[in-house]
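Sharing a structure here in structure tokens format.
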Amino acid sequence: MVKYLHSMIRVTDPEATIRFFELIGLKETRRMESEKGRFTLIFLAAPGEEGDAEVELTYNWPADDGSEPENYGGGRNFGHLAYQVDDIYETCQRISDAGVTINRPPRDGHMAFIRTPDGISIELLQKDGSLEPAEPWVSMENTGSW
């Protein structure tokens, strides 16, 4: 089974973007900040769609050194599509067996990234949390960008 979860876009002004989406009826459903990763994730959904078909706003914090913030030209502001799967290991094995590169293997039993033939990033997330870390996934390195 597969279930659509969210689409991610990178933003430079989270509050302005939230106000924009509120104009079309979406509301913030949850927010996560990562001090270590220096980013904020904000999820928005239409009423009744919380947890389904959400938009994830990703705000990458400016560098501590005062350098210019990231610029998302050329479509880089669109991040990925995300799908929930029943068994991330089985799904990744089936995809790999078909010749698709697993760009970010599910080392943690929870998350993996692959790319479409056109280079669109797809996030796969394990349903109900994480599976126990298992080989060969634990030892696999990232390949390319995701």
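As the structure is a prediction and not an experimental result, all values here were calculated from the model.
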(message) Under a 4.0 Å threshold between the charged nitrogen and the carboxylate oxygen, would D52 count as salt-bridged to K3?
(response) yes

(message) I need the E22 CD to K27 NZ distance, nearest 0.5 Å.
(response) 5.0 Å

(request) Treat each ILVMFWY residue as a node, draw an edge where side-chain heavy atoms are under 4.5 Å apart, and state whether W61 and M32 are in one component. (result) no

(message) Check this for me, if you would: do E15 and R19 make a salt bridge, where the nitrogen-to-carboxylate-oxygen distance has to be below 4.0 angstrom?
(response) no

(message) Check for me whether the distance between the ring centres of Y83 and Y4 falls short of 6.0 Å.
(response) yes

(request) Could you grab the distance from atom CG of L41 to atom CD of E33, nearest 0.5 Å is fine? (result) 9.5 Å

(request) Please answer: with hydrophobic residues joined when any side-chain heavy atoms are less than 4.5 Å apart, are V100 and I88 in the same cluster? (result) yes

(request) Determine the interplanar angle of the Y89 and W137 rings, folded into 0 to 90°, and report it as parallel if under 30°, tilted if 30 to 60°, perpendicular if over 60°. (result) parallel

(message) I want to check something: taking the side chain as every heavy atom from C-beta on, are H110 and L125 in contact at a cut-off of under 4.5 Å?
(response) yes

(request) Please say whether more than 12 non-hydrogen atoms of neighbouring residues, nucleotides or ligands are located less than 6.0 Å from CD in E135. (result) yes

(request) Kindly give the heavy-atom pair with the smallest separation between P105 and A112, and that separation in Å. (result) C-CB, 4.3 Å

(message) For the backbone of I114 and the side chain of R104, can you confirm whether one donor and one acceptor N or O come within less than 3.5 Å of each other?
(response) no

(request) Decide side chain to side chain contact (heavy atoms under 4.5 Å, CB included) for E54 and T29; before the verdict, give the C-alpha distance in whole Å, the side-chain angles of both, and the deciding distance to 0.1 Å. (result) CA-CA 9 Å; E54 294 182 319; T29 61; 3.0 Å; yes

(request) Could you walk me through whether H6 and V55 pass side chain to side chain contact (heavy atoms under 4.5 Å, CB included), step by step? (result) CA-CA 5 Å; H6 65 263; V55 173; over 6 Å; no

(message) Assess the residue pair C92 and L124 against the criterion (side chain to side chain contact (heavy atoms under 4.5 Å, CB included)); give the C-alpha distance rounded to whole Å, side-chain angles, the decisive distance to 0.1 Å, and a yes or no.
(response) CA-CA 9 Å; C92 285; L124 303 173; 4.2 Å; yes

(message) Do M8 and I122 land in one hydrophobic cluster if side-chain heavy atoms of ILVMFWY residues count as linked below 4.5 Å?
(response) no

(message) Working note: K127 + D87, criterion salt bridge (charged side-chain N to carboxylate O under 4.0 Å, His left out); need CA distance, chi angles, decisive distance, verdict.
(response) CA-CA 7 Å; K127 183 178 179 180; D87 185 324; over 6 Å; no

(message) Quick check: is I9 connected to L44 through a chain of hydrophobic side chains (ILVMFWY, heavy atoms under 4.5 Å apart)?
(response) yes

(message) Could you tell me if the side chain of N60 sits less than 4.5 Å from the side chain of R10, heavy atoms only?
(response) yes

(message) Looking at R115 and N103, would you say the former's side chain and the latter's main chain have a donor-acceptor pair under 3.5 Å?
(response) no

(message) As a quick check of understanding, evaluate side chain to side chain contact (heavy atoms under 4.5 Å, CB included) for I95 and I102, giving each step before the final call.
(response) CA-CA 8 Å; I95 291 167; I102 308 295; 3.9 Å; yes

(message) For A45, is there any backbone N or O sitting under 3.5 Å from a side-chain donor or acceptor partner on E50?
(response) no

(message) According to a hydrophobic-cluster definition based on side-chain heavy atoms being under 4.5 Å apart (Ile, Leu, Val, Met, Phe, Trp, Tyr only), do F21 and Y59 belong together?
(response) yes

(request) For the pair S7 and E56, evaluate side-chain hydrogen bond (donor to acceptor under 3.5 Å, both in side chains) and give the outcome as yes or no after the intermediate values. (result) CA-CA 6 Å; S7 294; E56 173 190 330; over 6 Å; no

(message) Looking at T17 and D13, would you say the former's side chain and the latter's main chain have a donor-acceptor pair under 3.5 Å?
(response) yes

(request) Quick one: closest heavy-atom pair of S34 and G37, and the distance? (result) OG-N, 2.9 Å

(request) Output the distance between atom NE2 (H80) and atom CZ (F113), rounded to the nearest 0.5 Å. (result) 4.5 Å

(message) So does M111 get a backbone contact from the side chain of D108, meaning a donor-acceptor N/O pair under 3.5 Å?
(response) yes

